[in-house]
Structure formats: structure tokens, C-alpha cells
Protein chains: 2
Amino acid sequence: MTKGPQFQPVQPVRAYQRIVEQVEDALARGDLAPGQRLPSERELVAQFAVSRSTVREALRVLESNGVVRSRPGDPNGPEILPFSQAALRKQMVRLARVDELTLAELIGFRMIMDGAAIQVTSRLRTSEQLADIEETLVAMRAAIDVDFAAFSEADLAFHDVIAQVSRNSLIQTCNEVVRGVVLSLISDKIAHAPNSRALMLESLQHHAEVVEAIRAGDGHAAARIARQNMYDYYAGYVPEPERETLRALIED
Amino acid sequence: MTKGPQFQPVQPVRAYQRIVEQVEDALARGDLAPGQRLPSERELVAQFAVSRSTVREALRVLESNGVVRSRPGDPNGPEILPFSQAALRKQMVRLARVDELTLAELIGFRMIMDGAAIQVTSRLRTSEQLADIEETLVAMRAAIDVDFAAFSEADLAFHDVIAQVSRNSLIQTCNEVVRGVVLSLISDKIAHAPNSRALMLESLQHHAEVVEAIRAGDGHAAARIARQNMYDYYAGYVPEPERETLRALIED
DNA sequence: CCTAGTCCACTGGTCGGACCAGTCACAGCT
DNA sequence: AGCTGTGACTGGTCCGACCAGTGGACTAGG
């Protein structure tokens, strides 16, 4: 066999992909900005020198990626959308929902993210924000008497406030998405648990401890308590061999 | 103004969207599994009772989302792909690259993720894995004499091993993506810095400290050092008001 | 002058038919 | 049996057509 250059496998590039690339490149370069409009489909046909089917396939891909939005009859053409977290959320939900990720990975991720957000919060929070946090605690207490769904919603509000105070929307988005997925995986088990009310009360107690640490400004303790609580709350649903990785996140 | 029920804005549902939904639902229900094949486009035309254009637009969306892959001439029809992290990565890159996220948020995210991964690693690593980690350290040392790109690549290998040992692919993916984005934002500034070599040496020294803590099994110290290092390395590129949120991540 | 209503050019959504290059299974040949 | 050529398919692209909607221009009424 002759020694030659290393060739790479080649896959055909479809026309609509080139269009998608061009649009995305223009967007990355700043030649196209959110709020601006793309030319109409028939105009794009002329500019790209392809058929309308091809242009439309490209637009469908861009639309599915949350880059543009087409509305029938709009004489201004497809609209370039502001970058939203919705697209990331969509993909994350898809990824996380399937067996590609284990429950342990999801919960571990939450322990990290939530702990970090709480740590930052206890450092940066103003007294006003502290009041906001304590307010959600009161709401959680009230929600216990309603049902588990209400409690879960109040819990979400708590973590929302935390994430906002920590001033990192990336953490916020990731946290929210993963939290939703985890809950969708095991919420029925929790809700139907005979001691559902006891669990909620315990969770509330844990949250109160976290808030106490936040008030004291002890970020380290707050984060540790938060992680410990999440472990106590969810670890029962994680099979033992993987539970070890979660314990490694608590320590000292 | 009459008090009435809260109406929601309504947007037309396009035919291709219904097809996408049906396929994704079938996939979520398990009626469709990775590795299986979809009927050919012309067969789908008959089953969905729409035109081929519509079927193709649906397939393009599914393909862009990493759900299926079409190859011309394949008599078996479009292939259902295994769920990959590629899709998530794509979206994350898009989200992170644009101004929606600040550099501080990205770096803060990395400090958290990387610190957590290192903490878990120092707890769970086998002696064999420790050797792997130390190996990447040697590679980093050698890469310093080449150029910044080589060093950066060796650094990536280091974090890769860490993420693998921590057994959480979600952390791994997020870490990798954000790292890439951060580097693409500031790598030129670092590479062209007059003291580029000094920076690399310092970074290597920091990594060595982290590895030392990992060897000692002190996860807390390892994570703290890692976060501190990343702060030292990147904080100069973050404007002051936001730098505070990063400092809040180090503490004690 | 300004407003309210009408109208129409144009938009995107969908359709059906056509052609091409590529792929793969199979029948036929060696 | 092993190889080869063929042909029935595949997806990629193009074209032309029709429809229901949109929104701006234009007009009639104040």
C-alpha cells in the first residue's frame, strides 16, 4: 500500500446548508442584527441563485434554531430574532430527557449549580434581595397546605430569586432546565409518597437553614447546606454506584 | 373595558411542524428508536398526506436538530440518530457566542463547573487515573516550548481527563463548550501578550498545584485552587463591577 | 386637515410534477 | 462461487402554480 496524504471522508454539502451558513456568518459578523429583516423568499431565490424550495429549507432550519421567524403575509420579510435562551433550553430538555444522561448526572449538576448560585448570593445580596428571598420562603410554607404541585412551584420561585441575585443568566437557565427535567422524571414518585407532606416540611426546613446562612453571609456554609439538602432529597432515587459521585460533591 | 378571560396570542401551526411533532412524539414514546429508519420521503408523503416539499421541510428541521440524517440514494430511508451532545453543544455555542452572555458569566460558569469536577475527581480518582492526569501535565510542559495554541490544546486535554473522571458528561459538555467560547473571545489577547510564555508557565504551575491537591485527596483545596487560578488567569479581561461576582466564587 | 375604510400587491404556506446524481440489491455472466 | 453490470429506487434541486393572509397605499368621509 502506497504511503500518501491522510484523506478525510467527505460528505456532500447541500445547497440549503450553504445558505444557513451564510446567514449565520453574517449574523456572527454583525452584518445582520436582531430586529432586522431578511429579504423575502423570492428575493433570496434571486440572491442565492437557488430555487425557492432550497431557500425555504434553509429558512426552516434557521427558524427551528430560533434565528429567524417567518410570518405569512408580512411584506417586511422574515425577522431576525434576538438570541434567546429558549433554543438552548429546547436542546437541553431534549438531551436530558433521554437516557443519554443519568439521573445522577442531572442531580449532580443541580447540586453544583445551585450551590454555587447560593454561595454567590450570600456574598452579593442586598438587604432588599434578602427580603425577597425570605418572602418566597413564606410562600413555600403556605403552599404546603395546598398540594405538591403548588409547593413545587413555590420552590421554583425560590431558586429563581437565588439565580437572579447571583447575576449569572447562564447558571439560571441551566438550573431551571435541569430542575424541570429532574422533576418530570421523579415528581410522581414524590407526590404519591405516603409521607409527601413530611417531605415538604423537611424541604422547607432545609431551605430555611440555607436562608439563615445567606443572612449570615456565610457563603460556604450556605452552599454546603444546599448541596446536602438536595442530596437528602433526591439521592434515594439514584442507584448506589452512582450515588458515590454525589457524595463527593458534599464533603467537609 | 370588559373583564374577560386571559386570551393567548395564537400563531398558525404549519403542516411541517405537525410532522416534526409526530416524529418526536413517536421517539419520546419509544415507537421509534435510534438506529431505526424512517420511510422514504415519497412514502411519508402518502402517510402524512402532504406534499413532498412539506415532508422535506420537516426532515430538514429534524436533521438540524440532530434527530435524523438523510443520505441521498439510501434505499433504507432517513436514519434515526442516537441522541448526541452535539445538538446541545451547537445551541450552547450559539447562545454563548453572542452578547447575550457577558464574559463574566461565562468565566463564572467555568469556575464553578471546573471546580466541581476537580472536587469530585480528587475524591473518586483511581491511582491509574491520577497517572493519566499527571501525564497531561507533562504534555503541557512540553507544549509551552511550541506555541500558545499547542499549550491551549494540552490544557484542554487536562480538563478533558478531569471531566471524564468526574463521571458527569453534562458537566463535561458544558465545560468544554464554555471553555471554547471564552478562549475564542480572548485567546488573541493572551497569545499576543508580551509575557505570553510567563503566563503559560504560571498556568502550568497552578495546574501542578491542583494535581498535588488531587493526589492528596483534598477535594476542597483542589477546587479552591482551581477556581483561584482561573480567576487569576481570566479576571483581567472582566470589567470591575462584574469581577465582584467572580470573587464571590472563591472565598475562604 | 385628519380619520376610517377599502383595496391590492405581495407575503409565506402548500402543492404537484419533473429531472438529476447517487446508492444498493439483485440478476446474470464469467 | 465470485464478480459485474443493471435498474429500481433514494434524496437534492428546480419550476410553476394556487391560496389565505398581511399591511401599506389609496380613497371616501368626517
Side-chain angles (χ1 to χ4, degrees), chain A residues 7-24 26-27 32 34-82, chain B residues 1 7-24 26-27 32 34-81:
Chain A
F7 288 123
Q8 297 289 334
V10 55
Q11 71 280 13
V13 182
R14 274 141 289 188
Y16 79 90
Q17 284 182 333
R18 306 271 214 84
I19 299 182
V20 171
E21 283 171 22
Q22 283 200 45
V23 173
E24 289 189 333
L27 222 150
L32 239 43
Q36 287 187 17
R37 301 307 188 101
L38 245 38
S40 75
E41 293 182 1
R42 289 169 176 84
E43 174 66 22
L44 291 172
V45 165
Q47 291 194 23
F48 287 112
V50 294
S51 75
R52 190 146 91 100
S53 321
T54 304
V55 167
R56 282 182 61 75
E57 289 185 15
L59 286 176
R60 287 298 80 75
V61 170
L62 290 170
E63 193 160 356
S64 148
N65 289 358
V67 178
V68 305
R69 179 182 51 186
S70 295
R71 282 183 316 134
D74 189 341
N76 297 320
E79 182 182 3
I80 306 231
L81 295 178
Chain B
M1 190 170 186
F7 289 124
Q8 297 290 334
V10 55
Q11 72 278 15
V13 183
R14 275 141 289 186
Y16 80 89
Q17 284 182 333
R18 306 273 211 85
I19 299 182
V20 170
E21 283 171 23
Q22 283 200 44
V23 172
E24 289 189 331
L27 221 150
L32 239 43
Q36 288 186 15
R37 301 307 188 101
L38 245 40
S40 77
E41 292 183 359
R42 290 168 174 87
E43 174 66 22
L44 289 173
V45 166
Q47 289 194 23
F48 287 112
V50 295
S51 76
R52 190 145 93 102
S53 323
T54 305
V55 166
R56 282 182 60 77
E57 289 184 15
L59 285 177
R60 288 298 80 76
V61 171
L62 290 170
E63 193 161 355
S64 148
N65 288 359
V67 179
V68 303
R69 180 182 51 186
S70 296
R71 283 184 315 135
D74 189 340
N76 297 320
E79 179 184 3
I80 307 238
L81 295 177

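Below, chain A is the first sequence line, B the second, and so on; all start at residue 1. Only a predicted model underlies this, so the values are computations on that prediction, with no experimental measurement involved.
An OP1 or OP2 oxygen of D:dT10 is reached within less than 4.0 angstrom by no side-chain nitrogen or oxygen of B:S70. Regarding contacts with the backbone of D:dG11, every side-chain N or O of B:R71 stays at 4.0 angstrom or more from both OP1 and OP2. Contact annotation: A:R52 does not reach the phosphate of D:dG16 (side-chain N/O to OP1 or OP2, under 4.0 Å).
The pair B:R18-B:E21 does not meet the salt-bridge criterion, since no charged nitrogen lies less than 4.0 angstrom from a carboxylate oxygen. A salt bridge does not link B:R60 with B:E57: every distance from a Lys NZ or Arg NE/NH1/NH2 to an Asp or Glu carboxylate oxygen is 4.0 Å or more.
Comparing D:dT10, D:dG12, D:dA17 by their nearest atom to the side chain of B:E41 picks out D:dG12. Set against C:dG13, D:dG12, D:dT13, the side chain of A:R60 has C:dG13 as its closest nucleotide. The side chain of A:R14 sits closest to D:dG12 out of D:dG11, D:dG12, C:dG12. Side-chain atoms of B:V50 lie closest to C:dC15 of the nucleotides C:dT14, C:dC15, D:dG11.
Distance, B:Y16 OH to C:dG13 C1': 10 Å, rounded to whole Å. Between B:L59 atom CG and D:dG12 atom P there is a gap of 8 Å when expressed in whole angstrom units. Taking atom CG on B:L62 and atom P on D:dG11, their separation rounds to 14 Å, with Å as the unit. Between the P atom of D:dG12 and the CZ atom of B:R56 lies a distance of 5 Å, rounded to the nearest Å. D:dG12 atom P lies 15 Å from atom CZ of A:R18, rounded to whole Å. Note: CD (A:E57) to C1' (D:dC14) measures 11 Å, nearest angstrom. Look at CD on A:E63: it is 11 Å from C1' on C:dG13, rounded to the nearest Å. The separation between A:N76 atom CG and D:dA25 atom P is 11 Å, rounded to whole Å.
The shortest distance between side-chain heavy atoms of B:R56 and A:S53 does not fall below 4.5 Å. Between A:R37 and A:D74 there is a side-chain heavy-atom pair separated by less than 4.5 Å.
Mapping A:A49 and B:D74 onto DNA chain D by nearest heavy atom places B:D74 closer to the 5' end of the strand.
The residue A:R37 sits apart from the nucleic acid: no heavy atom pair falls under 4.0 Å. The residue A:R42 sits close to a base: some heavy atom pair falls under 4.0 Å. Using a 4.0 Å heavy-atom criterion, one finds that B:S53 contacts the bases of the nucleic acid, with or without backbone contacts as well. Nucleic acid contact for B:R69: none, since no nucleic acid atom lies under 4.0 Å from a heavy atom of the residue.
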- prompt: Between A:L38 and A:L59, is a side-chain contact (heavy atoms from CB on, under 4.5 Å) present by the stated rule, with each step listed?
  reply: CA-CA 10 Å; A:L38 245 38; A:L59 286 176; 4.1 Å; yes
